[in-house]
2 protein chains.
Amino acid sequence: MALGKDYATQECSIARALEIVGERWTLLVVRDALYGVRRYNDFLVHLGIPRAVLAARLQTLTAEGILEKRRYQQSPPRDEYVVTERGIALWPTLRALGLWGREHFTETQLRYFRHADCGADLGPYGECRACGVVVPVADVVMVPGPGLDPDPADPVSRALLKPKRLLEPLETEPATA
Amino acid sequence: MALGKDYATQECSIARALEIVGERWTLLVVRDALYGVRRYNDFLVHLGIPRAVLAARLQTLTAEGILEKRRYQQSPPRDEYVVTERGIALWPTLRALGLWGREHFTETQLRYFRHADCGADLGPYGECRACGVVVPVADVVMVPGPGLDPDPADPVSRALLKPKRLLEPLETEPATA
DNA sequence: CGTATTGGTTCGGTGACCGAACCTATGGTG
DNA sequence: CACCATAGGTTCGGTCACCGAACCAATACG
């Protein structure tokens, strides 16, 4: 953590990891990045995060090699943040954490994660229940469940109502009517 | 999070989970609880956490059913905090997070986690590399690696220098010379 | 009786996080 | 050309979580 006080006394890779991704909002930014969110404004409206905090998190995550900032158009200059291998490697953690949250603190199923090749649900650590193999993140399909608000306010949530492969860039509706 | 602002806008079990265990220190307390730490003072010296923060975290974790406070002696009244099933269910998350931290941000191996029955290392999601089965937390043995300080200051770290099963209560040396 | 151990609570200071406002660069429109 | 919209930020004042240190309480030991 870039806090005034890190976990300096800890000899532990969990503590090291939390120094990087343990700050507020950070893991949610990574989650969105895995869902295909890439643009500053999309993170902003989807997360409801203060702008200054988002800017700080994007900078830290880029510096740590979890996201990569790249220019996708020259004029006007526009950058996007794309998740790297190192960020993709956080998927098992997020998967485990989400499963724990759902099993212990959520009543309805919000989203399903399935193996694109066969359609079967993922197991607890991201393996395909049918094939048995650990599914690469790019082959995971996110399908909305019954617990989701069917008509959310922000365009990113609306875009996420359609089944969607992870990592694939999110297409937000161009200024809906 | 019991912060002034939670992740209210998020319909996501990851966000729900982070509201519970996303505050600073919380996951490290759970980690220590899985390692067998049970007493207020042991958490305190091992984590280097401010007393007030530790008291708050223990209370929250108890309220959420992740730890259970119980009296282990009557006179003087002494309580210990024991990890529950719900807390044990966080092991895959911590395992994944620790592995990510080690692979990306740590040079030397700090600890090994092995299957008690056969001695083989655990895989990325806590399965035994030899048997293939997902190892119950109680059958995981933690073995210190070469990266650990061989003579740490606090008694809890010293007690953790010996190979040790997870969940088993930690025996701290009774006031070393 | 004084001291040590365990498990806290209280308190003042600092800094992370908060929302809102402002800034810059470009593009589109009438 | 004036005006507004969009994308991607920075700045600012206020609040609240976190920080370390001090203090408190109950009991045991000598």
Side-chain angles (χ1 to χ4, degrees), chain A residues 1-9 18-19 22-29 37-62 67 69-82 154-156 170 172-177, chain B residues 1-9 18-19 21-29 37-62 67 69-81 154-156 170 172-177:
Chain A
M1 288 186 174
L3 301 180
K5 165 80 173 162
D6 58 10
Y7 299 123
T9 68
L18 287 173
E19 286 181 7
E23 286 177 304
R24 190 157 156 69
W25 295 109
T26 303
L27 278 178
L28 294 184
V29 172
V37 176
R38 296 185 170 187
R39 300 224 288 267
Y40 181 92
N41 220 50
D42 287 346
F43 285 110
L44 197 69
V45 300
H46 188 230
L47 291 171
I49 181 178
R51 307 176 77 93
V53 178
L54 175 59
R57 294 296 179 274
L58 290 174
Q59 210 178 334
T60 310
L61 286 170
T62 304
L67 300 181
K69 180 176 189 167
R70 66 180 183 212
R71 184 138 304 183
Y72 67 93
Q73 74 178 35
Q74 287 300 335
S75 165
R78 291 284 179 267
D79 297 319
E80 61 182 2
Y81 296 88
V82 184
D154 72 286
V156 176
L170 188 74
T172 40
E173 315 148 32
T176 19
Chain B
M1 289 186 173
L3 301 179
K5 165 81 173 164
D6 57 11
Y7 298 123
T9 68
L18 287 173
E19 286 180 7
V21 296
E23 286 178 302
R24 192 158 154 68
W25 296 110
T26 303
L27 278 177
L28 294 183
V29 172
V37 176
R38 296 185 169 187
R39 300 224 289 266
Y40 181 93
N41 220 49
D42 287 347
F43 285 110
L44 197 70
V45 299
H46 188 230
L47 292 171
I49 181 178
R51 309 177 75 92
V53 177
L54 176 59
R57 294 296 179 275
L58 291 174
Q59 210 177 334
T60 309
L61 286 170
T62 303
L67 300 181
K69 181 175 188 168
R70 67 178 184 214
R71 183 138 302 184
Y72 67 93
Q73 75 179 31
Q74 288 299 336
S75 167
R78 290 285 179 266
D79 297 320
E80 62 182 1
Y81 295 88
D154 71 286
V156 176
L170 187 76
T172 41
E173 316 149 29
T176 19

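Bear in mind that the values here come from a model prediction, so they are computed numbers and not experimental data. Naming: A, B, ... by sequence-line order, numbering from 1 per chain.
Look at CD on B:Q73: it is 15 Å from P on C:dT5, rounded to the nearest Å. Spacing between atom CD1 of A:I49 and atom C1' of C:dC17 amounts to 10 Å, rounded to whole angstrom units. Residue A:Q59 contributes atom CD, which lies 15 Å from atom P of D:dG8 at whole-angstrom precision. Following rounding to the nearest Å, B:E23 (CD) and D:dA17 (P) show an atom-to-atom distance of 8 Å. Taking atom CG of B:D42 as the reference point, atom P of C:dG8 lies 13 Å away to the nearest angstrom. Atoms CG (B:L44) and C1' (D:dC18) sit 15 Å apart, rounded to a whole Å. In this structure, B:Y7 atom OH and C:dC18 atom C1' are separated by 13 Å, rounded to whole Å. Between the CH2 atom of B:W25 and the C1' atom of D:dA17 there is a distance of 14 Å, given to the nearest Å.
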Please list, one pair per line, the donor and acceptor atoms closer than 3.5 Å that link side chains of residues 51-59 of chain B to other protein atoms, with sequence neighbours excluded.
| from | atom 1 | to | atom 2 | distance (Å) |
| --- | --- | --- | --- | --- |
| B:R57 | NE | B:R24 | O | 2.8 |
| B:R57 | NE | B:T26 | OG1 | 3.2 |
| B:R57 | NH2 | B:R24 | O | 3.2 |

Can A:Y81 and A:K69 be said to form a side-chain contact (heavy atoms from CB on, under 4.5 Å), step by step? CA-CA 5 Å; A:Y81 296 88; A:K69 180 176 189 167; 3.5 Å; yes
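Taking B:N41 as the reference, nothing meets the side-chain hydrogen bond (donor to acceptor under 3.5 Å, both in side chains) condition, with sequence neighbours excluded. Contacts of B:R39 classified as side-chain contact (heavy atoms from CB on, under 4.5 Å), with partners at least two apart in sequence or in another chain: B:D42, B:Y72, B:T172. The side-chain contact (heavy atoms from CB on, under 4.5 Å) check on A:Q73 picks up A:P76, A:R78, with sequence neighbours excluded.
Contact annotation: B:N41 side-chain N/O to C:dG7 OP1/OP2 distance is not under 4.0 Å. The side chain of A:Y81 places an N or O atom within less than 4.0 Å of a non-bridging phosphate oxygen (OP1 or OP2) of D:dG9. Phosphate proximity of D:dA17 to A:R24: absent, as no side-chain N or O sits under 4.0 Å from OP1 or OP2. OP1 or OP2 of C:dG7 has at least one side-chain nitrogen or oxygen of B:Y72 nearer than 4.0 Å.
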In B/S/- notation (B base, S sugar-phosphate only, - none; protein heavy atoms under 4.0 Å), nucleotides 21-29 of chain D written 5' to 3' is -B----SS-
For nucleotides 1-3 of chain D, give me every protein contact, N/O to N/O, under 3.5 Å, one pair per line with atom names.
none

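For A:P50, taking side-chain heavy atoms from C-beta onward, the closest of the listed nucleotides C:dG8, C:dC17, C:dC18 is C:dC18.
Taking both residues in full, the closest heavy atoms of B:P50 and B:W25 are given as CD-NE1, 4.3 Å, listed atom of the first, atom of the second, then distance. Summarising the geometry of A:I49 relative to A:L44, their closest heavy-atom pair is O-CD1, 3.4 Å, with the distance given to 0.1 Å.
Remark on the helix from C:dC1-D:dG30 to C:dG30-D:dC1: inter-end axis angle 10°, axes from five-pair C1' superpositions, rounded to 10°.
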